[in-house]
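Data first, discussion second: the structure below is written as structure tokens.
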There are 2 protein chains.
Amino acid sequence: MDRNALGILRQYDLRHTDTRENILNGFLQKTTALSHSDIEVYLNDGFDRVTIYRTLKTFLDKGIIHKILDDNGGVKYALCKDQCASGHHHHDHVHFKCSECNETFCLEKFLIPEIILPEGYQRKDINVLVQGTCPKCN
Amino acid sequence: MDRNALGILRQYDLRHTDTRENILNGFLQKTTALSHSDIEVYLNDGFDRVTIYRTLKTFLDKGIIHKILDDNGGVKYALCKDQCASGHHHHDHVHFKCSECNETFCLEKFLIPEIILPEGYQRKDINVLVQGTCPKCN
DNA sequence: CTAAATTTGCGTTTTGATTACAAAAAATCT
DNA sequence: AGATTTTTTGTAATCAAAACGCAAATTTAG
């Protein structure tokens, strides 16, 4: 399975551009979720702010990355690990944000248990954010 | 149990002001979670934007309301139902956002099941947002 | 290499949030 | 009630985040 920027772009039928390659490399290198501004920093102001917005939106639409909620009312992003066949995502895993180092982790192996909803509520998507301290900060 | 604005203010040792009373009444009337701008609309521009920020922060600090994450990177607020002793909250219930009407509901009765974390991760707080369609929009 | 389609950068605008400070309102105390 | 103290509010200014339109640049296909 392709785990390099070019491969991913090809896989999802996206044109190969500098911005996209660089941003993808960012995601591939970091083990944590990235915010818009994390990416800006990572790219070292090499690309326009607006372009980053658009690139993230494109990746999101294609299902290359997924959104992770942040407690302060923000969003971070992380790669969808490749077991989601395209169009059929199941990132029903737990997200963990460390309140010491402020990093957010995708706990890919730790799935969200079944959540019971009242009669009439149709579940489509789900997002779990656990906050606490990560192994490094304990 | 006090379920009126004045009672709540008294209970939490807060001065009785127009803004606070009105905002509390908003929360008491609506069954859904409110964003800052929902409140602005509800108050019909009767109070300053900044005052609303401050009021929400005050309520948050006192434990009168709690934060609910929004999928688009925003925050909504809702009353803490059972008296979480101040400083000792237990709103470990599920939040549901309907993607049709965009309303967010506190499913107070539906608690978050135990979530297993990898070795070394210390859980402190948790936030669950389920998205889908609510009974009215089905 | 050329043409068509997509992507990018920039300027502008809108919106959201925070701060400082003076005015206003609430509670307290004769 | 009236005066004093403390808290709260409104205004203006500041700052950051996000969205939009358009022209220039880049990618892909022929």
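So you know, we letter chains A, B, ... as the sequences are listed, proteins then strands, and number each from 1. For the numbers below, each heavy atom of this structure counts, side chains included, while hydrogens, waters and symmetry mates do not. In this text the structure is predicted, and so the values were computed from the model without any measurement.
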Between A/D92 and A/R123, is there a salt bridge with N-O shorter than 4.0 Å? yes
Could you tell me how far apart A/D13 (CG) and D/dA29 (P) are, to the nearest whole angstrom? 9 Å
Just how far is it from atom CD1 of A/I39 to atom CZ of A/F27, taken to the nearest 0.5 Å? 4.0 Å
For B/I68 and B/A78, work out which heavy atoms get closest and say how close. CD1-CB, 3.8 Å
Are A/D71 and B/K67 within salt-bridge range, i.e. N to O under 4.0 Å? no
Going 5' to 3' through nucleotides 7-20 of chain C and flagging B where a protein heavy-atom sits under 4.0 Å of the base, S where only the sugar-phosphate is that close, and - otherwise, we get SBBB-----BBBB-
In terms of relative ring orientation, are B/F105 and A/Y121 parallel, tilted or perpendicular, with 30° and 60° separating the classes? perpendicular
Starting at NZ of A/K57 and ending at P of C/dT6, how long is that distance when rounded to a whole Å? 15 Å
